[in-house]
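One structure is given below, encoded as C-alpha cells.
Read the numbers this way: they start at 1 and go in the same order the structure lists the ligands and their atoms.
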Amino acid sequence: MPAVTKVCCIGAGYVGGPTCAVIALKCPHIKVTIVDLNQSRIDAWNSADYKLPIYEPGLEDVVRRARGRNLFFSTDIDGSIQEADLIFVSVNTPTKKSGVGAGFAADLNYVESATRRIAKVATSSKIVVEKSTVPCRTAESMRIILEANSSPNCRFDILSNPEFLAEGTAINDLFKPDRVLIGSLQTPEGIAASNALVEIYANWVPKERILSVGLWSSELSKLAANAMLAQRISSVNALSAICEATGANIDEVAHAVGYDSRIGPNFLRASVGFGGSCFQKDILNLVYLSESLHLPEVAEYWKQVVIMNEYQKRRFSKTVVDMLFNTITGKRIAVLGFAFKADTGDTRESPAITLVRDFLLEKAHVSIYDPQVEHAQIWSDLSEALPLVPLPNLQKQVHITSSALDCCKDAEAVVIATEWREFREIDWEAVYRGMNKPAFVFDGRLLVDAQKLRSIGFKVTVIGRGEQL
Ligand code: UDX
Ligand code: ADP
C-alpha cells in the first residue's frame, strides 16, 4: 500500500481539530484538511486572529505553525474526501435522546451520515479511520455501508483508532501519548491499512507505543479505559462520603491508597463528580452493550459508576442547603467554575450544571463565573437542564459575571465547582468583605486552603473532610 500523502478529517471538534492539527504539525509531508458542516466553526479555525472555536492550551501555537502550510480547514467535505488517501471520522456521538436505547446508546446518526457521504463521493480507494468514540462493532457497520455503496474500483479499509486525549492537556497528550491504538481486520489488507496509519504516527511516536490490535478489541479498549478511569473517581467519591461521616480526610486516604504501586496515585482526586463528553457516555454505552449481549450483571456493575456520580452531585447540593440552615430560598449562591474541569471551556456533562439546577429548584439566586465558558453556553446548558423554565425567568434568577469577585458579591455562599487555578489565588479577604454573613465556602474540588479561609472568618466545607465548622 503506498504511503499516505493526503488526510481528510471529518469533524472539526474537540477530537478532530487538535488531533489532526498535531498530525499536520508532525508530518509536514502530508496535506491535512479538516472539514465540518458547521461554517462558523470552520471560520473560527481559519480566523486571522486565531480565535479558535475551542480553548485548549498549546493548540493555537500548533495551528499557527501548520495552518496554510499543510493544514487546512474547509467546508468542502466532498472535495476533501475525494482527494484523501485516509479519512478520519471524528464526528460527535452523543447519547441517544429518544428511541431504542434512549439515555444509554450512542446516537450514531452523525457517524452514519459521514460514512454515507464518503461512500457517495469517493472515486478512489480509501482508508477510513473511526476516531469518534463509538460502541463496539460500529466499524463493522461502517464497513457494510461503505462496501454496499462503493463503486467497483473503490476499496475501503476500516480502522479503529480511538482517541485518548484529555481536554486541557490534549496537545501534550497528542505529542507524547501513553499509547496509540490501531484496530484493524486481521486480514492482509486490514494489516496493510493499519501499517499505513502506523507510519503516520511513527513520525513522532516511538513504535513500541503504537499498538496494533483487532478491530473490536480497539473499540472496546476505549470504552474500557474510560470506564475504569471513571470507576476510580466514583470509588474515591464513595469513600469521600464515608470520610465526611467519620472525620477522616479523603486526601490522606487517597494518598495512602495511591502509594500502593499496583494502584498508583493518579485519578484519585475526590470531587463533586466527574463530567466531560466521554466518561458518562462511554459507561452508558458499555451498559447498553452488556444488556444487548444478555449480560445483565455486567451491565449493573458498570451502571453503578454513573449512579455513584449522580449521588455525589446530589449529596453536594444537599450539603449546601443543609449548611445554610436548611433553606436557600432567596439566598445568593456564587458558583465558581462552570466547565467540567479546569483548562477547558467545555461544559458537556459538567457537574456545575446539576448543582446550579438544584440551587435554582430550591429558589436560590445564583451567580456564575467561569474564566473560559461563553455566557451563551451557560444559558443554553441551563435552559436544557430546566426545560420548563422560560429563559426570561432564568435570567431573573441567574447572573453571569466576568470576575470571581463580582460573582461572590452579596452572596451567602461560594461553591467551587471547577478547579481553576485562579480560584486558589482569589483575594479571599475581599471576597469575605463583600459577602453576607455568615459567609460559607463549599469546596467541591479540594482546591482552597480551608484553614486560611477559616481564619478569615468563612465557614468552610470541603468534600471528603470530616470537620464541617
Ligand atoms: C477523558 C479521558 O481521560 C480521556 O483519555 C478520553 O479520551 C476522554 O475522556 P476528559 O473527559 O477530557 O478525558 O477529562 P479527564 O481529565 O479524564 O476528567 C474527566 C472528569 O473527571 C472531569 O470532570 C474531572 O474533573 C474529573 N476528575 C478527574 C475527578 O473528579 N477526579 C480525578 O482524580 C480526575
Ligand atoms: P467531539 O468531542 O467528539 O470532537 P464535537 O461536537 O466537538 O465532538 O465535534 C464534532 C464535529 O463534527 C462538529 O463540529 C459537527 O459539526 C461535525 N459533524 C457532525 N456530523 C458531520 C458530518 N456528517 N460531516 C461533517 N462534519 C460533521
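Across the listed options Asn92, Leu37, Asn109, Leu37 owns the non-hydrogen atom lying nearest to atom 26 (N) of ligand 2. Taking each of Asn38, Asp36, Ile118 in turn, the one with a heavy atom nearest to atom 16 (O) of ligand 2 proves to be Asp36. When Lys341, Glu167, Glu349 are checked for heavy-atom proximity to atom 15 (P) of ligand 1, Lys341 turns out nearest. Remark: among candidates Phe340, Phe279, Phe164, the nearest residue to atom 1 (C) of ligand 1 is Phe279, based on non-hydrogen atoms. When the heavy atoms of Ile233, Asp178, Asn226 are ranked by distance to atom 27 (N) of ligand 1, first place goes to Ile233.
Those atoms of ligand 2 that come under 4.0 Å of a heavy atom in Ile10, given as number and element, are 24 (N), 25 (C), 26 (N). Here is the list of ligand 2 atoms found below 4.0 Å of a heavy atom in Ile77: 24 (N), 25 (C). Within ligand 2, counting atoms from 1 as listed, the ones closer than 4.0 Å to a heavy atom of Tyr110 are 19 (C), 20 (N). Those atoms of ligand 1 that come under 4.0 Å of a heavy atom in Glu163, given as number and element, are 7 (O). Each of the following atoms of ligand 2 lies closer than 4.0 Å to a heavy atom of Gly13: 4 (O), 5 (P), 7 (O), 9 (O). In the vicinity of Ser113, heavy-atom distances shorter than 4.0 Å reach the ligand 2 atoms 23 (N).
At the shortest separation from atom 4 (O) of ligand 2 among protein heavy atoms lies Val15 N, 2.9 Å. The protein heavy atom nearest to atom 12 (O) of ligand 2 is Gly11 CA, 3.4 Å.
Residue Phe274 has no nitrogen or oxygen atom sitting less than 3.5 Å from a nitrogen or oxygen atom of ligand 1, judged on distance alone. Ligand 1 has a nitrogen or oxygen under 3.5 angstrom from a nitrogen or oxygen of Leu165. Looking at ligand 1, you won't find any N or O of Ala166 less than 3.5 Å from one of its N or O atoms. At least one N or O atom of Gly275 sits closer than 3.5 Å to an N or O atom of ligand 1. Considering backbone and side-chain atoms alike, Arg269 places an N or O below 3.5 Å from some N or O of ligand 1.
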Trace of the salt bridge (charged side-chain N to carboxylate O under 4.0 Å, His left out) decision for Glu60 with Arg64: CA-CA 6 Å; Glu60 184 182 322; Arg64 275 183 187 274; 2.9 Å; yes
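The main-chain N or O of Phe279 is never found under 3.5 Å from a side-chain atom of Asn226 such that the two would form a donor-acceptor pair. Lys96 places a side-chain N or O within 3.5 Å of a backbone atom of Val100 that can act as its donor or acceptor partner. Under a 3.5 Å cut-off, the side chain of Asn70 and the backbone N or O of Cys27 do form a donor-acceptor pair.
Of the heavy atoms in Arg41, only side-chain atoms (C-beta onward) come closer than 4.0 Å to ligand 2. Contacts between Arg445 and ligand 1, counted as non-hydrogen atom pairs separated by less than 4.0 Å, involve the side chain only. Contacts between Arg232 and ligand 1, counted as non-hydrogen atom pairs separated by less than 4.0 Å, are absent for every part of the residue. Under 4.0 angstrom from ligand 1, there are no non-hydrogen atoms of Thr344.
Residues passing the ring-ring contact (aromatic ring centres under 6.0 Å, His included) test with Phe88, sequence neighbours excluded: none.
The aromatic rings of Trp45 and Phe73 sit parallel to each other, their planes meeting at less than 30°, with 60° as the upper class boundary.
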